[in-house]
Amino acid sequence: MVRVAAPAPPRAISYHRLCRITSLRPSAPQRVFTCGPDRASGAATAVVEALTLRDICQSRVPEHVLRRAEDIGFTLPTEVQRQSLPVLLSGKDCVLQAQTGSGKTLAYLLLIFSAINPQRSAVQALVIVPTRELGMQVASVARMLAAKPTGFESVDETCTIMALLDGGMLKRHKTWLKAEPPEIVVATLSSLCQMLEKNVLKLDTIRVLVVDEVDFMFNSSKQGQYLRKLLTSYSTIVTRQTIFASASIPQHNRFLYDCVQQKWTKNDVVHVHVNAVEPLPSCLRHRYVTCGKNEKLEVLLFLLHRDAPRAAIIFVNDQSEKSKRAGDLPSALKVLESLKANYSGRLEVRLLEEDMNFNARAASLSELRRGGCLLVATDIAGRGFDLPETTHIYNFDLPKTAVDYLHRAGRAGRRPFSDEICTVTSLISQEERFVLQRFENQLVFECQELTLTSST
Ligand SMILES: Nc1ncnc2c1ncn2[C@@H]1O[C@H](COP(=O)(O)OP(=O)(O)OP(=O)(O)O)[C@@H](O)[C@H]1O
C-alpha cells in the first residue's frame with residue numbers, strides 16, 4: 001500500500017485535484033481517500049491509499065517475484081493490471097484488450113509466476129509471440145522478474161525461461177528441452193511447431209498459455225492455421241488457462257464467440273476491455289503534413305531537426321511486388337541512406353526490417369536498447385516493441401489499415417504514469433487525406449494539419 005500525504009490542500013478537494021498535487025494519476029486505483037484536518041497540527045491533510053501490485057497479487061505471486069517487480073519500479077498497477085489481475089489470478093480464461101503500452105505483459109507474466117511450480121522440471125507456461133524481437137523482449141522481462149532480488153539469495157525456487165524463436169539455435173534448444181525442460185517457454189509459432197512435430201516438446205504439462213498480439217496471429221493465414229492446431233490438438237482447455245492479449249481485437253464479440261465455439265477457451269472466458277471508447281493512448285498528439293512523393297525526404301529531415309526527438313521511429317511500408325520488379329530501391333533503404341547522408345542531429349540512425357538476417361536484426365535491437373536513436377522500420381517493429389524513450393513516430397508511408405496505424409502510433413507514449421506528450425506525424429499526399437480521415441473515425445482521434453512554410 002502506498003500512502004501519499006499532500007501538504008495542506010484546500011478544505012474541499014476533488015480526487016482529481018488531489019492526484020495532481022500528489023502526482024498520482026487520476027486513473028490510479030484508489031482504495032481509501034480521506035480528507036480532513038490533521039489532529040496534531042490542525043492543518044488540512046489528505047491521504048490517498050492506492051492499491052499496489054503487491055495488494056492485488058499477495059499470497060498468489062511468489063514474494064521474490066513481487067520484490068523484483070518493486071525493485072524494477074513496478075509498484076502501482078496500471079489500469080489494465082488493476083482490472084485484469086483479479087480475473088487472471090482467479091484462474092479464468094481471459095481476453096485482455098487494452099491500449100498499447102498499458103502493461104499487458106506484466107499482467108500475464110505475474111499470472112504465470114503465480115501458476116508455475118519451480119520445483120517441477122516441466123514446461124508449464126507458454127507465451128506465443130508473432131516476432132523474434134517481441135519474443136526476446138518478453139523473455140527478457142520474464143528473466144528480470146525471475147532473478148533473485150537482494151535478500152533472497154537463499155531462495156532456490158527460481159525458474160528457467162527459454163526463448164524458442166525464429167533464427168535461434170534450435171539444435172541447442174532441442175537438447176535443453178530433452179535434458180531439463182524450462183518452466184516457461186516464449187516462442188514464435190514456427191519454431192514451436194517444429195519442436196512439437198518432432199516430439200521434442202509436449203504441451204500436456206502446460207498450465208498457462210498466452211497468445212500475445214492474438215489478432216495479428218489469426219490474421220496471417222499460416223500462423224492462424226498453426227495456432228488453431230496448437231489450441232485444440234496439442235493442448236486442451238481443460239488443463240490450461242488461456243490468455244489472449246492485444247491492443248486491437250477487431251470484432252471482439254465475434255472473436256469471443258469463436259473462442260467458445262472453437263474451444264480455444266472455456267465457456268466462462270472473461271473479456272477485460274480497458275478504455276473501450278478510446279483505443280489510442282491520450283498522451284499521443286496526431287498531425288499530418290501534405291506533400292508530394294518527391295518532397296517527403298526533405299520534409300522528414302526538416303521535421304526531425306525541428307522536433308528534436310529523444311528517440312523516434314520512422315515507419316515505411318514493405319516494398320510492393322511491382323516496385324521490386326521495377327528494380328526500385330526499397331523505401332526503407334531510401335530513407336536510411338538519405339538520413340545517413342543528411343541528418344545532422346545527435347541520434348544514431350538504425351534499420352529494422354524483415355529482409356535483414358536475424359543477426360543483423362539482433363544487432364540493431366541491442367543498439368536500440370542502448371539509447372535514443374532514429375529507427376527506420378517496417379511494420380515488423382509495429383507490434384509489441386517497447387522502447388520507452390521513443391517520443392516521436394513518423395509515418396513516412398501511411399499504414400495500410402487503422403489497426404496498423406494504432407500499433408505504429410503506440411510505439412510512443414509507453415511510460416504508464418507519465419504525462420509526457422508524444423507526437424505521431426503522417427506524411428501524406430492529397431489523395432491519402434481521406435484514408436487518414438477514415439482511420440481517425442475508426443480509432444476516434446483527431447489529426448491536425450501541420451502546414452510548413454519557408455518561415456516555419
Ligand atoms: N505497473 C507498472 N509500473 C510502471 N511501468 C510499467 C508497469 N507495467 C508496465 N510498465 C511499463 O510499461 C511499458 C509498456 O508495457 P507493455 O510492453 O507490457 O505494454 P503492452 O500493453 O504489452 O503494449 P503493446 O500492446 O504495445 O504490446 C513497459 O516499458 C513496462 O516496463
Side-chain angles (χ1 to χ4, degrees), residues 284-356 360-361 364 367-368 371-382 385 387 389-401 404-405 407-412 422-437 439 447-456:
L284 299 178
R285 292 289 170 269
H286 305 261
R287 54 185 198 179
Y288 68 91
V289 178
T290 314
C291 57
K293 219 174 163 189
N294 297 333
E295 296 165 332
K296 276 188 176 184
L297 284 169
E298 203 184 327
V299 171
L300 176 68
L301 271 165
F302 174 82
L303 290 174
L304 286 172
H305 285 123
R306 202 184 79 155
D307 296 345
R310 198 161 60 229
I313 306 182
I314 298 144
F315 279 104
V316 294
N317 289 347
D318 286 322
Q319 193 181 18
S320 67
E321 286 305 318
K322 193 175 151 201
S323 141
K324 270 185 200 165
R325 277 197 301 274
D328 295 344
L329 198 63
S331 238
L333 292 183
K334 258 188 240 167
V335 176
L336 183 80
E337 283 178 8
S338 163
L339 289 182
K340 283 199 163 161
N342 303 307
Y343 170 73
S344 55
R346 56 175 187 92
L347 299 174
E348 288 276 324
V349 185
R350 302 264 155 217
L351 176 70
L352 191 71
E353 54 135 356
E354 220 134 13
D355 289 342
M356 286 163 70
R361 273 162 66 168
S364 242
E367 283 293 327
L368 290 173
C373 79
L374 288 185
L375 175 66
V376 180
T378 55
D379 283 295
I380 190 182
F385 229 59
L387 299 167
E389 291 297 307
T390 308
T391 50
H392 289 72
I393 301 293
Y394 299 92
N395 286 320
F396 186 81
D397 296 321
L398 196 61
K400 294 202 176 76
T401 66
D404 290 340
Y405 185 97
H407 287 277
R408 285 184 182 185
R411 295 317 98 206
C422 296
T423 313
V424 184
T425 311
S426 301
L427 309 189
I428 59 169
S429 63
Q430 294 277 6
E431 302 78 60
E432 284 172 321
R433 177 64 193 116
F434 88 97
V435 183
L436 185 59
Q437 184 69 62
F439 296 170
C447 209
Q448 303 280 347
E449 176 160 25
L450 178 65
T451 321
L452 304 179
T453 56
S454 47
S455 59
T456 338

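- Phe439 and His286 have their aromatic ring centers separated by at least 6.0 angstrom.
- Of the inter-residue distances, the one linking Ile380 atom CD1 with Arg361 atom CZ reads 3.5 Å to the nearest 0.5 angstrom.
- Here the closest non-hydrogen pair linking Pro399 and Asp404 is CB-CB, 3.7 Å.
- Of all the heavy atoms in Leu436 and Cys447, the pair that sits closest is CD2-SG, 3.8 Å.
- Leu351 has its side chain out of reach of Val335: every pair of non-hydrogen atoms, C-beta onward, lies at least 4.5 Å apart.
- Considering only residues two or more places apart in sequence or on other chains, Thr390 meets the side chain to side chain donor-acceptor pair (under 3.5 Å) condition with none of them.
- In terms of the side chain to side chain contact (heavy atoms under 4.5 Å, CB included) criterion, residue partners of Leu347 (sequence neighbours excluded) are, by chain and number, Pro309, Tyr343, Leu374.
- Residue Ile313 holds its CD1 atom at 12.5 Å from NE2 of His392, rounded to the nearest 0.5 Å.
- Using a 4.5 Å heavy-atom threshold, the side chains of Tyr288 and Leu398 count as separate.
- Between atom CZ of residue Arg408 and atom OG1 of residue Thr378 there is a gap of 8.5 Å, rounded to the nearest 0.5 Å.
- Heavy-atom minimum distance, Tyr405 versus Ser426: CE1-OG, 3.7 Å.
- With contacts defined as side-chain heavy-atom distances shorter than 4.5 Å, the pair Leu339/Leu304 qualifies.
- Atom CD of Glu298 sits in a sparse spot, with 12 or fewer heavy atoms from other residues, nucleotides or ligands closer than 6.0 Å.
- With sequence neighbours excluded, the residues that form a side chain to side chain contact (heavy atoms under 4.5 Å, CB included) with Arg287 are Leu303, Arg306, Asp307, Tyr394, Thr423, Thr425, Leu450.
- Judged by distance alone, with hydrogens and angles left aside, the side-chain atoms of Arg411 form a donor-acceptor pair with the main-chain N or O of Gly382 at under 3.5 Å.
- Atom CG of Leu300 is separated from atom SG of Cys291 by 9.5 Å, given to the nearest 0.5 angstrom.
- Applying the side-chain hydrogen bond (donor to acceptor under 3.5 Å, both in side chains) rule to pairs touching residues 331-340 yields Ser331-Asp397, sequence neighbours excluded.
- Every side chain to side chain contact (heavy atoms under 4.5 Å, CB included) that Gln448 has, sequence neighbours left out, goes to Glu446.
- With sequence neighbours excluded, no residue forms a salt bridge (charged side-chain N to carboxylate O under 4.0 Å, His left out) with Glu449.
- Separating the CZ atom in Arg310 from the SG atom in Cys373 is a distance of 13.0 Å, to the nearest 0.5 Å.
- Annotation: the span from Asp379 atom CG to Leu352 atom CG amounts to 11.5 Å, rounded to 0.5 Å.
- When every heavy atom of Ala381 is checked against every heavy atom of Leu375, the shortest pair comes out as CB-CD2, 4.5 Å.
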